[in-house]
Structure formats: C-alpha cells, structure tokens
*Asks:* 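Take a look at this one; I'll ask things after.
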Amino acid sequence: MATFRLQGSRVLAVDMTGDAVKAKNGSMVAYDGQMAFKKMTGGGEGIRGMVTRRVTGEQMTVMEVKGHGTCWFADRATEINLVRLTGEKLYVEASNLLCTDAGLRTGTSFTGMRGATQGNGLFTTTVEGTGQAAIVSDGPAVVLRVSQQYPLTVDPGAYIAHQGNVRQSFQSGVTFRTFLGEGGGEAFQIRFEGEGLVYVQPSERATIAGDV
Amino acid sequence: MPFREINSKMIEATVQPGAKIFSQRGAMLAYQGDVSFTPNIQGGQGGFASMIGRRVAGEATPLMTVEGSGTVLFGHGGHHIQVIGLSGDTLYVEADRLLAFDGTLQQGTMFLGSQGGVMGMVRGQVSGQGLFTTTLKGHGAVAVMAHGGVIEVPITPQRPVHVDPQAYVAHHGDVRNKLSTALGWRDMVGRGSGEAFQLELSGTGAVYVQASEEKL
C-alpha cells in the first residue's frame, strides 16, 4: 500500500511501489522514479458515480497516479492533514480532498441545509474503507472530538470534514436583528451530536452565513 | 553564512564593513546599526554589458546594494523564504524570486533555449519563466521567495526528478533540464490529468519545489 507522509505541513509525499493513489487533478508538484497520470473520467466509480456527482454538484476531477518512486502533492500552499481510515467513513467537501489510497471508495451523501449555507450545495463527498486520505485546510486544522455528553457546534465556513457516528443538524440564530443588518455574523451553525471527530480550519470560507 | 532565518517569512542578514549584500528593492523590513541602501541602477553587478544583457533578457529586477555594519531584516509580500547555501556551484532561479544574496556571488543570465533547443524555449513559456533565467555562482548564501513552503528534492544520476513547471522554484548543481510532455489525445480534448507538462531534471544536484502551483 502507498505510504503517505508529510514533508513540512504543506507538501504530501507518497511513496509508491507499483500501487496507485487517487489525487486531485493537477496537484502533483514533483516526482522521481516512474509515474503515470491518468484522468479518471467523471471522477471514477463508473457511470453511476459520475451521474450522482453531476446531479449532486459534488464534482471532483480526480486522476489516478500509479508507479514506482515518490510523488509529491500540494495545493495552493494550503495545509495538509493525514487521516487514517480503518473501515469507517470520512465526510469531506470535494474541494478539500487532496489524495486517497486507490483502495478507498468515494461516494456522495446528502447533508441537508448545512451545505447550502456553506455554499457547497446540499451534498458532500464520502470516503470509505481502509487506508489513508489527505485533506487540505486553509491554515492548520484542529481535530475536535464529539461525544454523547459534549456536542459540538461549528461555523459552516470553518468546517472541513468529519468522521464517526455523528448526527449533524443545522442551527440558525436568525432574529429580527439580522434583518435589520445588525446580525453578529454568526447566523448559522452546524451542530454535531454522537461519537466522532470533526476537522475545523482556522479560516472561514465565504458563506451566506458570514454575510448575515 | 550572513543569513539567519527568523521565521519562515523573515530573514536577518549581518552586514560587515567591506562586504556587500544585494537585495530586491523595497524588501528591507527593519535594520539596526549603520547600514546604507543604494539603489542599483544596473540591476546587479557585472557592469554595463551585463546590464544590457539583463534588460534584454527581461531579468532586470530592481536591486539595491546593502553596505555598512549592522543587521537587516528582509521579507517581502508575506512569501515563504528559503535560504540556499552555495559552495562553488551554480543556482538557477528567476530574478523576481530573488530576495537577497551575498555580494560575492557572480550573477549572470542564461538563455533557456541553450539547453534543449526549441523545447527549451517552449519550457520557458510553459513554466511562465520567459526565455531567460538568472544564475548565481560562487560561495555564499541566497534567499529565495516562494508561495507556500519549499521542499528540497535531491537529484542523482539514478533518480531524475520531474517537477510541475508552476511549482518549480530553483535548482542547483550539475543538472540538465528538459521539458517532458505526456500529451495524449485526452489532453487535446480537455480530458487530461492536468499534468501534461513536466520539467525533467537529471544529473547531480537538488531542485526546490514550492507547495503551490501559483507563481509569486
């Protein structure tokens, strides 16, 4: 299986011995040895996956990188976080997914209203199986634990991914003040309950929530 | 080595009497001691002929001479800074990435077309570097700017390294570079993997790669 390691916090080095990884299109910055790059039409997973992604707007342009040697990946100088999956599911925005083991399955899942406030649509990408994945964040991400006693509330613009058995619900703090233009800028939040981990970045994407 | 890294975006240079440092104009952040900054009209050293050379080559980044005795802090645009030590070998870097360098280093320009002919010229265009690049040779330190962090990838005769032209920062050593293409019909119809062009570096040395595909 390909080995993922971080070189600094913004470059991912993947050592491969004939195996393959899936990576965001165009994210290779250097390689040695022999590598082949192939675009996975429609993001892989066959026609079904392609159609789902089209319909849900969770577009990914993914390439398959296969070969012998080391391949380095990076994306717009954003920080990289390694996630090891052992059978569980990782929920991540397609735009934050940098690289995964080729053995991991990717799919699409409905997120409800959360997506709409994030400007990411109503769907999110799921990664499932056993292996490693690399996700990017704007600034170093923190991993926050959610447990039965301690639910977590996150700004939609700062949320990047989560894993585990977690329910998410959408909260709005919209009051009449919001409509008067006196909002605190935190009109929408996502609440996570259950058992799991949530990845939060120290930066906020432009969202509808940030404007009201 | 006159450069000390304060953090990833700032360096401190020690200036001693009789020694010169060249830096990009406007890159001084603060200084202590008795230091003077003179704009360098020639854009470096080597006299009139090399000035014309640089003008023609488009590698004429405004430089200034830093002299005196004291310490100077350099930084520019919040870019990441990498200090590279040279011990007799040649560093190839684009002029606008140069933040500061030892005055003892010999500055020159190299025509990219001289390695690899027509493909060399294409390479300059593809990587956004133009047709010329700046060379620095000798013993001393160079501070180079990059977008995001920088990694150093060693090049050995057994292991040539391929680099995304947009992520390439600089290289040194006895290295040949050529543009390699993996252009297939898929790229022509817009279905490529996004990795159609690569710089292939072979020989002995090292290449510096930035964690981003954005130029400065």
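Just so we're on the same page: letters track the sequence lines, and every chain starts at 1.
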*Asks:* Check the surroundings of atom OH in B/Y31: do more than 12 heavy atoms from other residues, nucleotides or ligands lie under 6.0 Å from it?
*Replies:*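 Open.
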
*Asks:* Within a 6.0 Å radius of atom CD on B/E214, are there more than 12 heavy atoms belonging to other residues, nucleotides or ligands?
*Replies:*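 Result for CD/B/E214: enclosed.
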
*Asks:* Using non-hydrogen atoms only, which part of B/Q210 is less than 4.5 Å away from chain A: side chain, backbone, both, or neither?
*Replies:* backbone

*Asks:* More than 12 non-hydrogen atoms from neighbouring residues, nucleotides or ligands closer than 6.0 Å to CG on A/N165, yes or no?
*Replies:* no

*Asks:* State, to 0.1 Å, how close B/H147 and A/R76 come at their nearest heavy-atom pair, and which atoms those are.
*Replies:* CE1-O, 4.1 Å

*Asks:* For chain B, which candidate among A/C71, A/A74, A/A30, A/A36 shows the most heavy-atom pairs at distances under 4.5 Å?
*Replies:* A/A30

*Asks:* Distance from B/E200 atom CD to A/Y31 atom OH, nearest 0.5 Å?
*Replies:* 7.0 Å

*Asks:* Mind checking whether B/V153 and A/W72 have side chains closer than 4.5 Å, heavy atoms only?
*Replies:* yes

*Asks:* Could you state the interatomic distance from CG (A/L12) to CD1 (B/I151), rounded to the nearest 0.5 Å?
*Replies:* 10.0 Å

*Asks:* Are more than 12 heavy atoms, taken from residues, nucleotides or ligands other than A/R5, located less than 6.0 Å from that residue's CZ atom?
*Replies:*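 Atom CZ in A/R5 is packed in, count exceeds 12.
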
*Asks:* For the CD atom of B/Q198 and the CE atom of A/M28, what is their distance to the nearest 0.5 Å?
*Replies:* 4.0 Å

*Asks:* Please give me the minimum heavy-atom distance between B/S212 and A/A77, naming the atom from each residue.
*Replies:* CB-N, 3.5 Å

*Asks:* Taking all non-hydrogen atoms of both residues, which atom of B/D164 and which atom of A/G26 are closest, and how far apart?
*Replies:*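 Result for this residue pair: OD2-O, 4.2 Å.
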
